[in-house]
Amino acid sequence: MDETTVQDFWQNHACGDALVGGLRDRFGGDYEKFFSDYDKFRYDMESHIPACLDGLGVSGKRVLEIGLGQGADSESLIRRGARWSGVDLTGESVERVRTRLTLRELPFDDLKQGSVLDLPFEDNSFDMVFSHGVLHHVPDIAGAQKEIYRVLRPGGELVIMMYARWSLNYLVAIGLVRRAALLAAFPLAKAGLLKADPDGGMLAAHLDNANKIGLGRYLRLKEFINYNTDGPGNPHALVYDAKRIERDFPSFRVTRTYKRFMHAPPLPVHGLPGGNLMGWHLWAHLSPVGKTFTSAGQTATSTGSAAGKTATSAELAPPAERPDMVT
């Protein structure tokens, strides 16, 4: 898996577009109507997001958002007082977000197309980096976290939402129900009773994938998860828990995690209580390790652990010893 494959998918399947019928298909390019309907759908479906954004305290901070989708969260951050900049791998998303912010006359610092593996920003530029539902689609997560570390200021914060491993969606809906359904449908497709077609609906697209990859390989959870987060055409996805975040972000210290969003299709559980325990969205707050200011106000980093940086004993303390860790 490489970044170009991921870029091609999201360029041609703008995140969230199909959920409300499509900017060009249903809305005929009416951006204002599309954004209004999209935002209502998004925040009705994921009603926890506004409160989570409120808790970030972004007013007056220089915030970089990585991965922009339709720009709903971008607008929300700006309206909360952030000095916002954004970057997305796809030109399609950048164009849509620029149009949104222009139509609504919202101020922003910068908006660029670029890769999280080579962020087009100077060192120590931002007080916060925010990324919602994006980094679990990045094949080279090690390279991504190094770049995020580079652009964050000392004392800055990384806030991410990753798909949760310990969730009803991953463990039951994807891990059991959907795999069982595909296993039952596969022999019917082989017998000609069901159609395997990438454009023939969700089940047909999964059957087509299984034919191409091989049913046994496709049903392995490590493979199956790729095609069960953002549609059967999505090329890459991972699920996370706090330990994996710590492992994949060694230049950072995890300060807080929490789960939201009870959602596990096809199970009829959406919106039910329990999202804080088995929710699909794992939010994590992280601080960069080893970045300090000299007395002259210049940035200094020392050598040692955590991607070549030395951390204090408090920064290196395991999560169980940190009173600010919430799961």
Side-chain angles (χ1 to χ4, degrees), residues 1 6 10 15-16 19 41-53 55-56 66-67 69 72-73 130-139 141 144-145 158-183 202-203 206 209 218-249 252 254-286 319-320 325-327:
M1 183 53 54
V6 174
W10 291 109
C15 183
L19 296 176
F41 176 88
R42 175 175 171 78
Y43 294 130
D44 283 349
M45 172 70 72
E46 301 176 36
S47 58
H48 61 282
I49 292 179
C52 290
L53 296 180
L56 299 185
I66 296 174
D73 293 344
F130 173 79
S131 188
H132 185 280
V134 175
L135 296 181
H136 45 227
H137 295 303
V138 177
I141 194 64
Q145 71 94 35
L158 169 62
V159 180
I160 56 178
M161 187 284 282
M162 311 290 258
Y163 293 142
R165 175 181 178 84
W166 301 110
S167 63
L168 192 68
N169 194 32
Y170 178 68
L171 296 175
V172 180
I174 294 173
L176 295 177
V177 176
R178 295 191 203 176
R179 286 201 296 173
L182 183 62
L183 187 61
M202 193 73 71
L203 178 59
H206 281 295
N209 285 347
Y218 191 66
L219 287 176
R220 296 172 189 165
L221 262 180
K222 186 176 180 180
E223 187 77 33
F224 200 60
I225 189 61
N226 294 324
Y227 311 99
N228 279 271
T229 61
D230 294 83
N234 178 53
H236 180 73
L238 295 172
V239 289
Y240 275 81
D241 54 23
K243 288 186 180 298
R244 180 158 194 161
I245 290 175
E246 289 179 339
R247 187 192 76 185
D248 283 0
F249 292 80
F252 293 84
V254 178
T255 60
R256 186 184 178 206
T257 65
Y258 46 96
K259 282 188 280 189
R260 298 290 185 268
F261 195 40
M262 182 58 80
H263 182 71
L267 303 178
V269 300
H270 180 81
L272 293 180
N276 60 326
L277 294 175
M278 295 296 288
W280 179 225
H281 288 183
L282 174 63
W283 288 63
H285 294 234
L286 305 92
M325 175 65 77
V326 178
T327 58

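Source: prediction; values computed, not measured.
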[atom2] on [Y] to [atom1] on [X], rounded to 0.5 Å:
X: L272; Y: M278; atom1: CG; atom2: CE; result: 13.0 Å
X: N228; Y: H206; atom1: CG; atom2: NE2; result: 4.5 Å
X: W10; Y: N234; atom1: CH2; atom2: CG; result: 5.0 Å
X: M162; Y: L282; atom1: CE; atom2: CG; result: 8.5 Å
X: F249; Y: I141; atom1: CZ; atom2: CD1; result: 4.0 Å
X: L182; Y: L203; atom1: CG; atom2: CG; result: 7.0 Å

Check: Y218/N226 side-chain N/O donor and acceptor closer than 3.5 Å:
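Side chains of Y218 and N226: no pair found under 3.5 Å.
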
**Asked** Is a side-chain donor-acceptor pair under 3.5 Å present for H236 with H137?
**Response**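 Side-chain D/A pair, H137 to H236: absent.
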
For residues [X] and [Y], determine if any side-chain heavy atom of one lies less than 4.5 Å from a side-chain heavy atom of the other.
X: L168; Y: M262; result: yes
X: R42; Y: L19; result: no
X: F261; Y: M45; result: yes
X: K259; Y: S167; result: no
X: N169; Y: I174; result: yes

**Prompt:** Can you check whether H132 and H281 have ring centres sitting under 6.0 Å from each other?
**Reply:**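 When the ring centroids of H132 and H281 are compared, they turn out to be within the sub-6.0 Å range.
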
For this session: Please confirm whether the backbone N or O of G175 pairs with a side-chain atom of R179, one donor and one acceptor, at under 3.5 Å?
Result: yes

Working note: N276 + R260, criterion side-chain contact (heavy atoms from CB on, under 4.5 Å); need CA distance, chi angles, decisive distance, verdict. CA-CA 5 Å; N276 60 326; R260 298 290 185 268; 4.3 Å; yes

For the residue pair [X] and [Y], what are the closest heavy atoms and their distance?
X: P232; Y: M202; answer: CD-SD, 3.2 Å
X: A284; Y: I245; answer: CB-CD1, 3.7 Å
X: G69; Y: C15; answer: CA-CB, 4.1 Å
X: V177; Y: P266; answer: CG1-CG, 3.8 Å
X: Y170; Y: W280; answer: CB-CZ3, 3.9 Å
X: H136; Y: Y163; answer: ND1-N, 3.0 Å

- Task: Carefully, step by step, assess W283 and R256 under the rule side-chain contact (heavy atoms from CB on, under 4.5 Å).
- Result: CA-CA 8 Å; W283 288 63; R256 186 184 178 206; over 6 Å; no

